[in-house]
Amino acid sequence: MRLRNKPWAKDFMGEHPDVLILEEEGKNINWKEIFGNEQPIHVEVGTGKGQFVIGMALANPDINYIGVEHFDNVIVSALEKVIEADKPSNLRLIRGNGANLEQLFGAGELDRVYLNFPDPWPKTRHAKRRLTHESFLARYENVLKAKGEIHFKTDNRKLFEYSLVSMSTYGMQLLDVSLDLHAEMPEDNIMTEYEEKFSAKGQPIYRLEAVYNN
């Protein structure tokens with residue numbers, strides 16, 4: 001997908017340091033000081049335009065949320081939505097690469113990681129780029145607390161099957177696996193922009209929760 005260039009993006013991000021943190025400034029941050037509390041921290045890797053992470057923050061004020069997005073032209077849309085939502089105090093954004101979580105968070109600092117509709121990287125030679133590849137699972141494990149959780153959604157059946165195998169092989173416990181999330185539609189389900197788009201076309205949404213056995 002080609003991203004439309006937004007030449008004003010960097011300046012706009014710089015105007016809201018209370019909400020958005022640049023990856024190069026996010027190393028060794030004391031997140032308890034940033035949020036001013038010791039609430040659990042949940043991170044969405046690849047937050048896109050922010051609909052999910054904002055919805056979760058508004059619905060769960062007793063949890064701190066952080067959305068990580070690599071592309072300037074995308075995260076500014078999330079930033080605009082955060083501002084429209086009056087900047088929830090339990091929400092922050094990071095413009096950074098999800099592969100660098102260990103530089104942004106300390107060991108055992110997070111309680112949950114969300115992976116929503118990541119790029120499936122369908123070619124076999126690109127498997128290491130998939131966010132559920134064992135190398136990424138190891139990174140998440142390093143920043144999650146013991147028994148930390150991964151919550152994963154996708155519309156791609158092959159990626160979902162790959163992820164089931166990858167997580168099982170890694171030694172994770174699979175919980176609440178759904179092959180058609182919207183057929184059951186939990187009351188607390190917050191949809192991403194992609195989820196709304198795909199489900200409107202009748203595309204099943206695959207979802208799972210997985211727990212590390214550490």
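The residues of the chain are indexed from 1 along the displayed sequence. Side-chain atoms are counted along with the backbone in the values below, which use heavy atoms only and exclude waters and symmetry mates.
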Using a 3.5 Å cut-off and no angle test, enumerate the donor-acceptor pairs between side-chain atoms of residues 47-59 and protein atoms at least two apart in sequence or in another chain.
residue, atom, partner, partner atom, Å
T47, OG1, E44, OE1, 2.6
Q51, NE2, M191, O, 3.0
Q51, NE2, E196, OE2, 3.2

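- Using modelled atom types, one finds a donor on one side chain and an acceptor on the other under 3.5 Å when comparing E23 with N100.
- In terms of heavy-atom proximity, F105 sits nearest to V43 at CZ-CG2, 3.7 Å.
- The aromatic rings of F117 and F198 sit tilted relative to each other, their planes meeting at an angle between 30° and 60°.
- Salt bridge status for K81 with E193: present, with a side-chain N to carboxylate O gap under 4.0 Å.
- N142 and E102 form a side-chain donor-acceptor contact under 3.5 Å, judged by distance and modelled atom types alone.
- Using the six-membered ring where Trp is involved, H133 and Y162 have ring planes that are parallel, under 30° apart on the 30 and 60° scheme.
- Atom CD of E149 and atom CZ of R112 lie 4.5 Å apart (nearest 0.5 Å).
- No donor-acceptor pair under 3.5 Å is formed between the side chain of Q173 and the backbone N or O of K147.
- We find the CZ-CG distance between F152 and L164 to be 8.5 Å, quoted to the nearest 0.5 Å.
- Here the shortest heavy-atom pairing between L79 and V19 reads CD1-CG1, 3.8 Å.
- Of the possible donor and acceptor atoms, none in the side chain of R92 sits under 3.5 Å from a partner among the backbone N and O of I66.
- Interatomic distance, Q203 CD to T154 OG1, rounded to the nearest 0.5 Å: 8.5 Å.
- Of all the heavy atoms in I190 and E195, the pair that sits closest is O-OE1, 3.8 Å.
- The heavy-atom pair separating Y170 from E134 by the smallest distance is CE1-O, 3.8 Å.
- Of all non-hydrogen atoms in L104 and W31, the two that sit nearest each other are O-NE1, 3.1 Å.
- Considering CG of D155 and OH of Y206, their distance stands at 8.0 Å, rounded to 0.5 Å.
- Note on residues 69-80: pairs passing salt bridge (Lys or Arg N to Asp or Glu O under 4.0 Å), not counting sequence neighbours, are K10-D72, D72-R95.
- Both cation-pi conditions hold for R139 and F136: the charged atom is under 6.0 angstrom from the six-membered ring centre and inside a 45 degree cone around its axis.
- Considering all non-hydrogen atoms of both residues, V177 and L208 come closest at CG2-CB, 4.1 Å.
- At least one donor-acceptor pair under 3.5 Å links the side chain of S166 to the backbone N or O of T132.
- A side-chain donor-acceptor contact under 3.5 Å links N156 to the backbone of L159.
- Within 6.0 Å of atom NZ in K87, more than 12 heavy atoms from other residues, nucleotides or ligands are found, so the atom counts as buried in its surroundings.
- Checked by atom type and distance alone, the side chain of R130 pairs as donor or acceptor with a backbone atom of W121 at under 3.5 Å.
- Between atom CZ of residue F35 and atom CG of residue L91 there is a gap of 7.0 Å, rounded to the nearest 0.5 Å.
- Note that CD of E161 is 9.0 Å distant from CG of L179, once rounded to the nearest 0.5 Å.
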